[in-house]
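Working notes, structure below.
Nothing here was measured: the structure is a model prediction, and the numbers come from that model. Both counts, for ligands and for their atoms, begin at 1 and track the order of listing.
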Amino acid sequence: MPENLAENIECALFRIKRASLRAGRDPGQIKLIAVSKTVPAERLKEAFDCGVADFGENRIQEAKTKMDSLAGLPVRWHFIGHLQTNKAGAAVEMGFELIHSVDSERLLYMLEKLAARAGRIQRALIEVKLSGEPAKHGVSEEFFPGLLRACREAPHIRIEGLMTVPPYSSDPEDARPYFARLRALKEKAEEEGFTLPHLSMGMSHDFEVAIEEGATMVRIGTAIFGGRQK
Ligand SMILES: *Cc1c(COP(=O)(O)O)cnc(C)c1O
């Protein structure tokens, strides 16, 4: 339903606002990231014209093509996919606003080295895998504290929070314990002196539950751009 883009965006923003108010939160504290993977650049331009300025991509090459197409527009790009260490250099050079998916010390140190070389501070989140699903990426809860401590030795990587993708379920309530768990990890880390303002959690089918559980960024694809082909 391409012609409904403006309506979809408006509807998503309205639902974000409603969920925030229901949870007693300020809607201004929640950022909408339009997940534009597989969506052609022209559609991103249309979304931008409707007021969306944050886009989420999960492939480096695809993101690069779209960055070129939208060059000159004040758009913020988020990398939300699994980042292979051999693509870390490209990711840093491309100037992503935020890399949501730091999930190993190896990747962290690679990013640190490349950001230092580029003379940049790279903002990032740690992706935590809270389910045992083998196909999913993210650091396990067991290794999360070690990875967080390692961030202290990476002065060019500014870790600003946590991200997670719960197991898919058609019932958004099934995601609630995972979102609550991510928030608990963040709060515990903050008690230990880390500053982690952000929780990137919630997708098209469960973002309202994520907001109720403390999300500061929701990553919404299909509810904005419609179903994906691939
Ligand atoms: C694709 C994707 C999304 C968006 O999913 P929708 O269900 O289309 O909203 C969010 N986060 C990540 C990490 C994704 O890969």
Check whether any heavy atom of R228 sits under 4.0 Å from an atom of ligand 1. yes
Answer yes if the side chains of E133 and S131 hold a donor-acceptor pair under 3.5 Å, and no otherwise. yes
Nearest non-hydrogen contact with atom 14 (C) of ligand 1 belongs to which option: R219, M203, K37, H78? K37
Protein contact to atom 6 (P) of ligand 1 [nearest heavy atom, distance to 0.1 Å]: S204 OG, 3.4 Å
At under 4.0 Å between heavy atoms, is it the side chain or the backbone of I220 that contacts ligand 1, or both, or neither? backbone
Verify the distance criterion only: is there a donor paired with an acceptor across the side chains of S36 and R43 at less than 3.5 Å? no
Check the pair H156, E112 against side-chain hydrogen bond (donor to acceptor under 3.5 Å, both in side chains), reporting the backbone distance first and the verdict last. CA-CA 6 Å; H156 296 84; E112 165 61 25; 2.8 Å; yes
The test is side-chain hydrogen bond (donor to acceptor under 3.5 Å, both in side chains); show your working for R228 and T222 and say whether it passes. CA-CA 7 Å; R228 285 180 292 270; T222 48; 5.1 Å; no
Closer than 4.0 Å to some heavy atom of I80 - which atoms of ligand 1 meet that? 11 (N), 12 (C), 13 (C), 14 (C)
State whether the shortest distance between N or O atoms of T222 and N or O atoms of ligand 1 falls below 3.5 angstrom. yes
In terms of heavy-atom contacts, does CZ of R106 have more than 12 from other residues, nucleotides or ligands at under 6.0 Å? no
Does the side chain of T164 pick up a donor-acceptor pair with the side chain of E127 at under 3.5 Å? no
Decide whether an N or O pair under 3.5 Å exists between G221 and ligand 1. yes
